[in-house]
Engineer: 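Below is one structure. I have some questions about it.
No hydrogens, no waters, no symmetry mates; every other heavy atom, side chains included, goes into these values. All chains are named by letter (A, B, ...) in the order of the sequence lines, taking the proteins before the strands, and each is independently numbered beginning at 1.
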Protein chains: 2
Amino acid sequence: MMRVRKLVNFVAAACALAIGIAVPATGAQAEDGYDLWLRNAPLDAEQVERLGLPARLVRTALVEGAQSPSPTMNVATAELMHGLNSLAAAHPVERGSGPGRAIRLDCPESRADGDAAFTIRTVDGDIRIGGNSDLACLYGAYALLRELSLGTDPDTLDIDSAPAMPLRLLNHWDNPDGHVERGYAGRSIFDWWHLPERLDQRMIDYARANASVGINGAVVNNVNARAFMLEPRYIEKLARLADAWRPYGIRVYLSARFSAPTEIDGGDIGRLETADPLDPQVRAWWQAKADEIYAAIPDFGGFLVKANSEGQPGPQDYGRTHADGANMLAQAIGDRGTVIWRAFVYSAQDETDRAKQAYEEFVPLDGAFADNVIVQVKNGAIDFQPREPFHPMFGAMPQTRLMLEVQITKEYLGFASHLAFLAPMWREVLDADTGRGGSVAEVVAPAGMAGVANTGSDRNWSGSDFDQANWYAFGRLAWDPALSSDTIAREWLAQTFNREEAFLAQTAPMMLSSRETVARYMTPLGLAHLMATGHHYGPAPWVCDLDRPEWNPCYYHRADSDGIGFDRTATGSNALGQYAPAIADTWSDPATMDEHYLLWFHHLDWDYRTQSGLPLWDELVQRYDQGVTEVDTMVHTWDDLSAYVDPERHRAVAENLRIQQREANWWRDASIAYWQSLNGLPLPQGARAPSRDLEHYRSLSFPEAPGQ
Amino acid sequence: MMRVRKLVNFVAAACALAIGIAVPATGAQAEDGYDLWLRNAPLDAEQVERLGLPARLVRTALVEGAQSPSPTMNVATAELMHGLNSLAAAHPVERGSGPGRAIRLDCPESRADGDAAFTIRTVDGDIRIGGNSDLACLYGAYALLRELSLGTDPDTLDIDSAPAMPLRLLNHWDNPDGHVERGYAGRSIFDWWHLPERLDQRMIDYARANASVGINGAVVNNVNARAFMLEPRYIEKLARLADAWRPYGIRVYLSARFSAPTEIDGGDIGRLETADPLDPQVRAWWQAKADEIYAAIPDFGGFLVKANSEGQPGPQDYGRTHADGANMLAQAIGDRGTVIWRAFVYSAQDETDRAKQAYEEFVPLDGAFADNVIVQVKNGAIDFQPREPFHPMFGAMPQTRLMLEVQITKEYLGFASHLAFLAPMWREVLDADTGRGGSVAEVVAPAGMAGVANTGSDRNWSGSDFDQANWYAFGRLAWDPALSSDTIAREWLAQTFNREEAFLAQTAPMMLSSRETVARYMTPLGLAHLMATGHHYGPAPWVCDLDRPEWNPCYYHRADSDGIGFDRTATGSNALGQYAPAIADTWSDPATMDEHYLLWFHHLDWDYRTQSGLPLWDELVQRYDQGVTEVDTMVHTWDDLSAYVDPERHRAVAENLRIQQREANWWRDASIAYWQSLNGLPLPQGARAPSRDLEHYRSLSFPEAPGQ
């Protein structure tokens, strides 16, 4: 598409020049973002020359000696052919024989998982991709195309790459009716209605995109699961997906509803009166169900379970523990797959600080989980806020495999319209020293990472072009948590938009600071959970009257006429006590701590002096203002980059940035108006008054907000 | 995209040949159907040679003497440049000066509506598009590209074309939350949430597709309307759409909820206690609302209203007539636009045959409607069934402008998966002689046609590739109801898939018979309304116990041990009496009538001898079997055409046909099993028994069926 557009643009521009009119962009062959980072846009002449392609690809694209390539190796071959020809297309190379550069795929073709490590080296001019499985060669093929797309000199390739963790999964909160919980990119990409007969091409392109960044599994349905997705008719649908994704190394997983045995028939066993995990009939029901699934999908990944959380059924309904529940499913699955049990639990009956509850429920169970159980823990102890300190469970369960769950879809960071590149946020948690013998990245290395997907039916997959970067970043970080955010941003930008340094030098810094910008205008200084109820769109720090205390923003900010913040030190909830002492120490003194977490851990007077010397109130307003100003800068930066980006995507991003600009001001103004209603303080000198009064902001309602 | 694919395929195939392996299709640059019939696929060398392009386009793409082209003329110019270059791309022509062929756009640039007529002539080698408005030139530009795409010799062009009716509208049953009632193509294409700031590129491409077939307006929201879409925030969103579509000649319309004055504020007037159309305050409310809309959208098309039908509010709630309601809105709009009032009404309290009710309510009002009111009448008197006789209101209201409403989305013809080309169905009603001085096409000529859209967020817009043909056919027939179905099918096939005669000769006949095939396996011999309740998916002729009699399939088929069919002659409901006597005569005698309407008008014994000489029961079974057999043939025909179609779309169509094959058998088997349960008759000799018993078919439930 890219090349067509270039050609069309070239001719149209030339024509326009000749007749002296401006040719408006119509939609003809417009860039639409569907190709994601897999565009393989044409290299310039010199780079193509260095590549020496495509003429020489022909000779060695197949593994020497192989009789019949595996489906995975076929994909690797085809991707290389397509990708290299695309890279070289603007300056086609003469075909011919002769001794040119060879590209060799040297991998023993096995279906054995586990060894996805690959090497890419240029030796005597030939490029060799090597590894111990066909999947390694597929990963290597994508990596080679990425390097060439970035403009890397093909004569200098010398790459050793291996995944840092075994499970690199997308979690789709997609309901079978097509609605996506916290989805801001249209409808679900999974067309359950027409499966198994009809397999949408998007399912192939989805697998390509995932495999290209190393993602190797997908939980295809919402953790708030419907039992009927375990019925035979859905297993049949799922099997078609599994068949389509197998060559790409993507395994399918299902969210399982814990009460399923009481809701749907289980083959010969029928429907039961209980889902008690220690009941022999229940165990037999799940055993039969697991066997039924594995008969259809031999490499089924396993079950993800949200139990006894936010109204979902679970083992506690029968007086059993999370371990009882998880181990029962683990036994049914055996060594064929994995049970992933979510630690995101909090209780309406529990007076404990919500931030402490998961730790209190799970840490005592350390060592009680079966070997094929993984406990999946969100990055922070609340819920995917713009910033949270790392979850205290990391490092606290040494005898349990823990998996890190992050949210790619931006439920709390501006939906699809705000530009917020999340790699820096995820790096923050991955890099965090747990104080218990390693970083979070080291803690989760034996398990993996899960990302709540931001995919949908929108042409650009993610609801906005820049949100594609978060899908990309998730995969790259799960493969290699040591990758810098800057590297990831530049990789993505170059492959997605433009590889020119003049473009990257402007846009990469904008991406890198973007999440901090959002945190500033939404929840500065460690504030959290201040958004509107239900849909989570926009600010509503004034909400104090919802049934459950921990649903209220007031519960989190605890602001009054004197001060603001949640005391989680020993004088308060002592959530700080759940961290290793060395770590807790760093957060215990507001005078020396990282102020990004200031009001997360401390309740402070409005006139408390922050590290800058300003009163807390002034500091807070200043940070809001900084956030707003930074969005203004992003708007102008992007506006000036139109020469580097096709007009369709340039306009789309520009329009999103204007939504973000309006909403950043809204967050700032509504928040300040509310804090002022409590503290009665004047604005710091020079600060602009909120453009409307508090009543206005309180009166806004958005029944049509998406994603709920 | 097409050219990229060709190039990629060429290189890949060449490579594959050289190394002796099959290259599997990955998703790279796959055909996805997004370009609809606007692909302008490259012509062959000889055709390009004849075209003499693109070199000569340059000189005369602008109107002579024009200083500043209108947005519409800019679009026409750009579309021609893009389209011609695309057509010629496989064999680029040398650029240069010299005397080559010119393409002239000779239209006075005015925004005056009404004269969309254009001519295309080749004179002395130059191609001249002429007309009396810039929109005429845009229509001419699309028509020229279509002709060239079909392979027409550019030296023989001699076209005079004018629209047969002024309004050619899509009706979108899209809700503001993104759900599409009776939508089978994903989510709504309208992104209300992000409008007005963000305008999706799809909105431009939508306008292009519509303009290319002459559609000139869109009602953007469901006739079951939400009042809040009349609020200022939605007017602002709508204005952005109107601005985007204006250059393409597309006017925006809104479905208006009649009770809106009681549900939302009306500016200074506020919210009222009544929506009585004769209440001065209500009249003032709507006047202010119309003024508010026209201030934002000067060419706003007007309101579409579903009133006092299926629970919608309307003037009858206040003891007023449809004319009272429509005229009140018409006065508010004045000569700025049109009120389109739907005649699709039926009442729970009315014992009258549902097929008679609209006629009885509306015909007495003939002459009572204001000049800027149009009454919109469905093609038949029930509801978009696979076959209905034309609506008796056509011709019966000579003093009222009547508009024809057809359904492009296939609510009753197999959703998105069954192949059913609807042009023959629409031709059936357009060609029908009303017996009152003209055909239906002639009756609606002063008003227009409305098509309930089948667009959605799916990559291919319509849920399946072949459903795009119905969107195309709707536009072409609204422009020119004299176009043959065969012409339309061939135009669409050639532009969408492949212009080779060997391909068209196989596929055009398949399309032309496809709707008859669906009618045979669903509702043969004039049966109707036999589908399942609510979602309308699959057969359920056994449903007899719903609250309202006319919701039950039993109400329509009236089958028992003796016979089947609805007696609508003088001995029955006498719906036949609503037709002109000459027409009623043709349907009054089952022995001589067109048997397609046999059981629509007559209740007959199972052993009644049809015109073939067979007993009715045998005839019925034979028609079911014929329908099923014809689907088998379609499956095989399409399977054999893989050489002509890209693999992605070929597979997608093939998979849909297999769904259709399964469901055709289901319709046949379930229907026959049910009729047998009533008549106790054995199957005719040679007929296959239903594969399951009736209880099986009755037990099926589909809570997840789409579109409800």
Side-chain angles (χ1 to χ4, degrees), chain A residues 1 3-4 7-8 11-12 15 18-19 21 23-30 32 38 54 57-59 61-62 69 71 74-75 77-79 81-83 85-86 89 176-178 186-187 192-194 197-199 201-202 204-205 208 417 457-459 648 652 655-656 658-659 662 704-706, chain B residues 1 3-4 7-8 11-12 15 18-19 21 23-30 32 34 38 54 57-59 61-62 69 71 74-75 77-79 81-83 85-86 89 176-178 186-187 192-194 197-199 201-202 204-205 208 417 457-459 648 652 655-656 658-659 704-706:
Chain A
M1 182 178 287
R3 276 161 286 160
V4 174
L7 175 63
V8 170
V11 177
C15 294
I19 58 178
I21 60 158
V23 179
T26 71
Q29 292 122 349
D32 64 4
L38 298 172
L57 173 65
V58 176
R59 297 189 303 128
L62 241 199
N74 273 344
V75 171
T77 309
E79 288 282 14
M81 284 181 169
H82 287 183
N85 279 296
S86 180
D177 67 0
R187 200 178 144 84
W192 296 110
W193 179 250
H194 288 108
E197 279 112 331
R198 196 202 292 173
L199 181 83
Q201 178 65 31
R202 212 183 247 271
I204 304 293
D205 296 329
R208 295 177 61 228
S417 31
S457 61
D458 281 2
R459 296 263 297 156
E648 296 79 18
E655 291 184 355
N656 277 328
R658 276 167 177 80
I659 293 176
R662 175 171 56 76
E704 301 120 76
Chain B
M1 181 178 285
R3 278 161 285 161
V4 175
L7 175 64
V8 170
V11 177
C15 293
I19 58 179
I21 60 158
V23 179
T26 72
Q29 291 121 349
D32 63 6
Y34 183 80
L38 298 171
L57 173 64
V58 175
R59 297 189 302 131
L62 240 200
N74 273 344
V75 171
T77 309
E79 289 283 13
M81 285 181 167
H82 287 183
N85 279 296
S86 180
D177 68 358
R187 202 178 142 83
W192 297 110
W193 179 249
H194 288 108
E197 280 111 331
R198 196 202 291 174
L199 181 83
Q201 178 65 32
R202 212 184 247 270
I204 305 294
D205 296 329
R208 295 177 61 227
S417 33
S457 61
D458 281 3
R459 294 265 296 158
E648 296 80 16
E655 291 183 356
N656 277 328
R658 277 168 176 78
I659 293 175
E704 300 121 75

Engineer: So which heavy atom on Trp193(A) is nearest to which on Glu704(B), and how close?
Structural biologist: CE3-O, 3.7 Å

Engineer: Kindly give the heavy-atom pair with the smallest separation between Leu199(A) and Glu655(B), and that separation in Å.
Structural biologist: N-OE1, 2.7 Å

Engineer: Specify which of Arg658(A), Arg662(A), Arg202(A) makes the most heavy-atom pairs with chain B at under 4.5 Å.
Structural biologist: Arg662(A)

Engineer: State whether Arg208(B) and Asp205(B) are salt-bridged, where the test is any N-O pair (Lys NZ or Arg NE/NH1/NH2 against Asp/Glu carboxylate O) under 4.0 Å.
Structural biologist: yes

Engineer: Relative to chain B, which of Gly178(A), Pro176(A), Ser417(A) shows the most heavy atom pairs under 4.5 Å?
Structural biologist: Ser417(A)

Engineer: Is a donor on one side and an acceptor on the other found under 3.5 Å between the side chain of Gln201(A) and the backbone of Asp32(B)?
Structural biologist: no

Engineer: Among Pro706(A), Gly186(A), Gly83(A), Ala652(A), which residue forms the greatest number of heavy-atom pairs with chain B at distances under 4.5 Å?
Structural biologist: Pro706(A)

